[in-house]
Amino acid sequence: MLQFNPQDPFPLLHEGSYTYDEAKFHAAQVDDWLGIDTKTVEQKVILNQKYLNEKKQHPFMPEYWSGLSTPTLQTPYTEIRLILSHLNLQAGQTLVDLGSGFGRMGHVIGRHYQKVNFIGYEYVEERVQESQRCLSIHYYPNVKIEKTDLSANAFSLVSADYYFMYDFGSRKAIEKTLEDLRRIAKTRNITVIGRGRNSRDLIERQHPWLSQVHLPQHYTQYSIYYS
Ligand SMILES: C[S@@+](CC[C@H](N)C(=O)[O-])C[C@H]1O[C@@H](n2cnc3c(N)ncnc32)[C@H](O)[C@@H]1O
């Protein structure tokens, strides 16, 4: 049974040594311990008419995951810790979370990878504010969250070593970002962690430069792709 331990809130455990339900339950306990008030914030997001209107009017039919439970919306901390352990993260490198939710990955990097830079891009203002509030309590100088619309034409994605993509937005929004990544990969090597059906499916079907040049590593919930 996966137990929450405040001395080691993001434990590194083997995949399969706990169930997914345990991981989600554990993650909710960690959220509480970190002071992330997902419940109140999500209620505000559901009531914010702006997101409902955008969903109807925006050509990309954006998906902000509002109304879904936060365990569904976010990756459990134990899984984040495991993902990071598979990467060869070096001091000075940068990892970007494309649609960072409540900034869970920022907390794990802030605690365990203090020499790695983390940028979380998130569109939903309420989540951005809550992420920034909680991250600032823990003071991680290498971690930042920016309010951004990844699907905006004017948005220019930062060049980084690693990108974490968990089904943010609609398929169209993910397609747009994959084109941004393709452009960046022409100038440097990148690693993309794909999580969720849309992200993995689009990478596998439409982006052979990422899925077929180097052998990806597949895990139950995510895959790691190399340009
Ligand atoms: C499935 S959640 C993943 C959260 C986090 N990466 C995790 O794994 O715990 C996707 C997030 O992407 C955000 N998102 C959706 N469309 C976006 C866009 N166009 N620009 C930035 N963020 C977006 C959503 O608001 C949501 O918080």
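Quick note: numbers below take in every heavy atom, side chains included, and nothing from hydrogens, waters or symmetry partners. Whatever order the structure lists them in is the order used to number ligands and atoms, beginning at 1. Keep in mind that this is a model prediction, so the values were computed, not measured.
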Novice: Check step by step if salt bridge (Lys or Arg N to Asp or Glu O under 4.0 Å) holds for E42 and R127.
Specialist: CA-CA 8 Å; E42 284 308 298; R127 294 181 190 144; 2.8 Å; yes
Novice: In terms of ring plane angle, is the pair F164 and Y166 parallel, tilted or perpendicular, where the classes change at 30° and 60°?
Specialist: tilted
Novice: Starting from atom 6 (N) of ligand 1, find the nearest protein heavy-atom neighbour and note its residue, name and distance.
Specialist: G99 O, 2.7 Å
Novice: Test Y163 against every option in L157, I119, T94, T191 by the side-chain contact (heavy atoms from CB on, under 4.5 Å) rule and name the one that passes.
Specialist: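 Going through the options one by one, the only one that passes is L157.
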Novice: What protein heavy atom lies closest to atom 8 (O) of ligand 1? Include the residue and the distance to one decimal.
Specialist: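 For atom 8 (O) of ligand 1, the nearest protein heavy atom is T75 OG1, 2.6 Å.
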Novice: With respect to atom 3 (C) of ligand 1, which of I80, L73, D97, D167 exhibits the smallest heavy-atom separation?
Specialist: L73
Novice: Counting non-hydrogen protein atoms only, what is the nearest one to atom 14 (N) of ligand 1? Give residue, atom name and distance.
Specialist: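 Ranked first by proximity to atom 14 (N) of ligand 1 is F168 CB, 3.9 Å.
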Novice: Using a strict threshold of under 4.0 Å (side-chain N to carboxylate O), is an ion pair present between E179 and R182?
Specialist: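 Here R182 pairs with E179 in a salt bridge, since their nearest N and O are under 4.0 Å apart.
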Novice: Show which atoms of ligand 1 fall inside a sub-4.0 Å distance from at least one heavy-atom site of Q74.
Specialist: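 Numbered from 1, ligand 1 contributes 7 (C), 9 (O).
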Novice: Salt-bridge test for E79 and R195: reply yes if a basic N is under 4.0 Å from a carboxylate O, no otherwise.
Specialist: yes
Novice: Salt-bridged, D97 to R104, with N to O below 4.0 Å?
Specialist: no
Novice: I'd like to know if R197 and D201 make a salt bridge, using a cut-off of under 4.0 Å between side-chain N and carboxylate O.
Specialist: no
Novice: Would you please indicate yes or no on a ring centroid separation below 6.0 angstrom for Y77 and H107?
Specialist: no
Novice: May I ask you to identify the nearest protein heavy atom to atom 22 (N) of ligand 1, giving residue, atom name and distance to one decimal place in Å?
Specialist: Y123 N, 3.2 Å
Novice: Enumerate the atoms of ligand 1 whose separation from the nearest heavy atom of G169 is less than 4.0 angstrom.
Specialist: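 Within the 4.0 Å cut-off of G169, ligand 1 contributes 15 (C), 16 (N).
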Novice: What's the shortest distance from atom 21 (C) of ligand 1 to any protein heavy atom, and which residue and atom give it?
Specialist: T148 O, 3.2 Å
Novice: In terms of residue, atom name and distance, what is the protein heavy atom nearest to atom 19 (N) of ligand 1?
Specialist: D149 OD1, 2.8 Å
Novice: When the aromatic ring centroids of Y225 and H214 are compared, is their separation below 6.0 Å?
Specialist: no
Novice: Using a heavy-atom cut-off of under 4.0 Å, does the side chain or the backbone of F164 touch ligand 1, or both, or neither?
Specialist: side chain
Novice: Looking only at protein heavy atoms, which one is nearest to atom 20 (N) of ligand 1, and what is the separation?
Specialist: L150 N, 2.9 Å
Novice: So for ligand 1, is Y166 a polar contact partner (N or O within less than 3.5 Å, distance only)?
Specialist: no
Novice: Would you mind running through ligand 1 and noting each atom that sits below 4.0 Å from a heavy atom of V124?
Specialist: 25 (O)
Novice: Does a side-chain N-to-carboxylate-O contact under 4.0 Å join R133 and E130?
Specialist: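 Yes, charged N to carboxylate O under 4.0 Å.
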Novice: Do the numbers put K144 on top of the ring of F118, so that NZ or CZ is under 6.0 Å from the six-membered ring centre and no more than 45° off the axis?
Specialist: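 Judged by the rule, K144 and F118 form no cation-pi pair.
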Novice: Show the atoms of ligand 1 that are less than 4.0 angstrom away from any heavy atom in G101.
Specialist: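 Listed by number with element, the hits are 4 (C), 27 (O).
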Novice: Could you tell me whether E122 and ligand 1 have an N or O pair separated by under 3.5 Å?
Specialist: yes
Novice: Any idea which part of R127 is under 4.0 Å from ligand 1, heavy-atom wise: side chain, backbone, both or neither?
Specialist: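 Only the side chain of R127 comes within reach of ligand 1.
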Novice: Less than 4.0 Å is my threshold; does some heavy atom of S151 fall inside it relative to ligand 1?
Specialist: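 Per 4.0 Å heavy-atom rule, S151 contacts ligand 1.
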